[in-house]
Structure formats: C-alpha cells, structure tokens
Amino acid sequence: MDNTIVDIYFFTGTGNTFLAASKIAQILESKNYKVSVSDIAESEAASINLSHIIGIGFPIAFWNTFPIVKNFINTLPNTENATKVFIFTTMGDSSLNAASNFGHVLKNKGYKLIGASSFLMPNNFIAVQKESKNIEKREKAYKQLQTFAKSLTDTDIKPVKTNFFFKLCFVITNFITDRWKGKLFQKIVKFKIQKKKCIKCGLCAKICPAKNIDFNGTYPTFKAQNCQICMRCISYCPQKAIKSVLIRKTYQALNKQEQEKCFF
C-alpha cells in the first residue's frame, strides 16, 4: 500500500465541502503527500485505487447525507488490505456523529478508519447568516481542518468511536434520507423556474450533480425523483429565478474562480 498518495472524493452542494477538501489537500501536500481531489458525482466507486489512502467528504443533510453520497459509500469495493480511509463532513448545526457512523460502515467493508470528524460551516438552508458571520465560521473551520489533516499523518491512530444513541439516530436518518427521491419528498421541495426572471443561461443544468435539470435553450425543466436537494441550483442561479416553498434565503460558499474549479 502506498501511504504517500491520497485520493479525496467529495460531494458538495453550495461549496462548503469543496473548500474543506481543498484545505485538507493543501495541508497534506505540504507534508509531501501526493493528493488528488475528485467529485463523487463524477466518480465511480468501483474504480478507486485501494492501494492509496482514501478520503471522503460530504455535507450533512438531515443529520445524515445525500442519496448520491450514500450510494458511493455503499458501492465502494470491499478490501482485504485494510485500505486507510478518513471521513470529513461539513454541517450547519449538528451531525449526530454521522462521520463516525459512516466510518464504521467502511470498517465493515475492511477499511482502516484513520480519522472521522465534522466541521461547522455556514448554513445554506435554514438560518442563513450574514456574510460576516459566515466568514468567521469558515475561518474557524479552516483552523480545525488544519489540525484534522495533520492528525491523519500520525502513526499513532486513535480509535474513532460512536455509541448506541448515535447508531440509532443513524438508522432513523438513513431511513428518511433514503426516501428523498420518492414522490412525496420531491413534491414537497419541488423547485420551480420563475420565467420572468430566468435569462435562459442554462447554468443550473450544467452544475446539477444529479443531472436532474434539462435545458434545451428555452427554460430549464426539473425531472422527477432524482433531485438531491443539495441547493446548488437555487443558490448559484444568477437571477434568483428558482424558487421553492421551503427556501427563503440561500448561500454561496464559492467565488467565481472556486466555482470553475468545483463545478466545471
């Protein structure tokens, strides 16, 4: 096993987890690790290199995560080589120990969990704060990410623990988020295009990680039962032309340059 090569796979909605993945990669590269960073939405779980250290990052959604992330984790190949893996999550409030619980899923597949942690980042759904507060959260998270990344290089690996309460919460939240792609949830959160505002740029279709938006040059249309509810389309629409009954305020974590690196 090559312990100097790290492959980080991330999923991000509005950009927090991309920033976290980039920060971890930067720290590890400064420690002479060779690091690649790939989008889970564009990656095949079966194709990962089990001889490398694997990092998996994702946002917390309903104290769990998105179906696209769970599918990636669940379809990762089993390993008999104790492939090292670490998990990091970004959250707006609490994660209910989701990082550790997903880590134990991977331990059951034969992986060696060398780290699992969650980082408080700006909220992109409920209680979206002013940018000054968001900057404070990001800076604090960056310091914690630096400590976490450095800990991954330690030879003395501390066990990552969970308990019965968090395991029970994990089962419940898994059950709920598994049904996000069902008709009821899709109907509740259904996004709609406000045609008076839409300029037909097609950006929403280009950046949708689930390929759930069709755009043929007129107005974007949303497909049925594949939306991840990741908030990317509604947050980055330049005209704020996408609406949902559940969402009143949105958040963008990435500047233009970061958007190019993350989405394209």
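- With a 4.5 Å cut-off on side-chain heavy atoms, R232 and F263 count as touching.
- No single ILVMFWY cluster, assembled from side-chain heavy atoms under 4.5 Å apart, contains both L106 and V171.
- Here the closest heavy-atom approach between residue A82 and residue T79 is recorded as N-OG1, 3.9 Å.
- The distance from the CD1 atom of I234 to the OG1 atom of T250 is 6.5 Å, given to the nearest 0.5 Å.
- Here K130 does not pair with E136 in a salt bridge; the nearest charged N to carboxylate O distance is not below 4.0 Å.
- For the pair S22/L19, no side-chain contact is recorded, criterion being any heavy-atom separation below 4.5 Å from C-beta on.
- Taking each heavy atom of T12 and C262 in turn, the nearest pair found is CG2-SG, 3.5 Å.
- Surrounding NZ of K34 are at most 12 heavy atoms belonging to other residues, nucleotides or ligands under 6.0 Å away.
- The six-membered or imidazole ring of F88 lies away from that of F10, with a centre-to-centre distance of 6.0 Å or more.
- With hydrogens and angles disregarded, no donor-acceptor distance shorter than 3.5 Å links the side chain of K31 to the backbone of T153.
- Atom NZ of K206 and atom CD1 of I213 lie 12.5 Å apart (nearest 0.5 Å).
- Both L50 and I73 belong to a single network of hydrophobic side chains, linked directly or stepwise wherever heavy atoms of I, L, V, M, F, W or Y lie under 4.5 Å apart.
- With values rounded to the nearest 0.5 angstrom, T14 atom OG1 is found 11.0 Å from Q259 atom CD.
- Side-chain heavy atoms closer than 4.5 Å link hydrophobic residues (I, L, V, M, F, W, Y) into clusters, and following such links, even through other members, never connects I27 to I54.
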Could you pull out every donor-acceptor pair under 3.5 Å between side chains of residues 56-68 and any protein atom, sequence neighbours left out?
{"residue": "N64", "atom": "ND2", "partner": "T173", "partner atom": "OG1", "Å": "2.9"}
{"residue": "T65", "atom": "OG1", "partner": "P59", "partner atom": "O", "Å": "2.8"}

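- Across all their heavy atoms, K261 and F18 have their closest contact at CB-CZ, 3.9 Å.
- Considering only heavy atoms from C-beta on, N74 comes within 4.5 Å of V105 through its side chain.
- Looking only at side-chain heavy atoms (C-beta outward), L96 and F170 stay at 4.5 Å or farther from each other.
- One distance of note links CG of N101 with NZ of K167; it measures 8.0 Å at 0.5 Å rounding.
- Within 6.0 Å of NZ in K240 there are more than 12 heavy atoms belonging to other residues, nucleotides or ligands.
- When hydrophobic clusters are built by joining Ile, Leu, Val, Met, Phe, Trp and Tyr residues whose side-chain heavy atoms come closer than 4.5 Å, directly or via intermediates, F175 is grouped together with I229.
- For the pair R138 and Y142, the cation-pi criterion (under 6.0 Å, within 45° of the ring axis) is not fulfilled.
- In this structure, D7 and I48 have side chains that are not in contact, with every pair of non-hydrogen atoms separated by 4.5 Å or more.
- Taking the side chain as every heavy atom from C-beta outward, N163 and F166 approach each other to under 4.5 Å.
- The minimum heavy-atom distance linking H52 with T83 is given by the pair O-CG2, 3.3 Å.
- Annotation: the span from S95 atom OG to F119 atom CZ amounts to 10.5 Å, rounded to 0.5 Å.
- Legend: residues meeting side chain to side chain contact (heavy atoms under 4.5 Å, CB included) with D214, ordered by chain and number and at least two apart, are T221, K223.
- Below 30°, between 30° and 60°, or above 60°: for F72 and Y9 the angle between ring planes is between 30° and 60°, a tilted geometry.
- Checked by atom type and distance alone, the side chain of Q129 never pairs as donor or acceptor with a backbone atom of N134 at under 3.5 Å.
- Separation of atoms CG (D93) and CG (L120) is listed at 8.0 Å; rounding is to 0.5 Å.
- No side-chain N or O of T90 forms a donor-acceptor pair with one of N16 less than 3.5 Å apart.
- Across A21 and V37, no two heavy atoms sit closer than the pair CB-CG1, 4.2 Å.
- Between the side chains of K137 and N123, not a single donor N or O lies within less than 3.5 Å of an accepting N or O.
- The side-chain heavy atoms of T89 and F102, taken from C-beta on, include no pair separated by under 4.5 Å.
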Item checked: From CA spacing to verdict: side-chain contact (heavy atoms from CB on, under 4.5 Å), K70, N174 -> CA-CA 9 Å; K70 292 197 288 184; N174 248 332; 3.1 Å; yes
Next item on the list: Run the numbers on E139 and I135 for side-chain contact (heavy atoms from CB on, under 4.5 Å), then give the verdict.
Entry: CA-CA 6 Å; E139 291 303 316; I135 292 173; 4.3 Å; yes
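- In this structure, the side chains of F191 and C233 come closer than 4.5 Å at one or more pairs of heavy atoms.
- Both L254 and F264 are assigned to one and the same hydrophobic cluster, defined by single-linkage of ILVMFWY side chains at heavy-atom distances under 4.5 Å.
- Shortest non-hydrogen contact noted between C198 and A241 is N-CB, 3.6 Å.
- Considering only residues two or more places apart in sequence or on other chains, K211 meets the salt bridge (charged side-chain N to carboxylate O under 4.0 Å, His left out) condition with E42.
- For the residue pair S51 and N49, a side-chain donor N or O sits within less than 3.5 Å of a side-chain acceptor on the partner.
- Cation-pi contact between K200 and Y219: present, with separation from the ring centre below 6.0 Å and deviation from the ring axis of at most 45°.
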Check: After noting the C-alpha distance and the side-chain angles of I53 and I114, does the key distance pass the side-chain contact (heavy atoms from CB on, under 4.5 Å) rule?
Finding: CA-CA 10 Å; I53 299 172; I114 61 173; 4.2 Å; yes
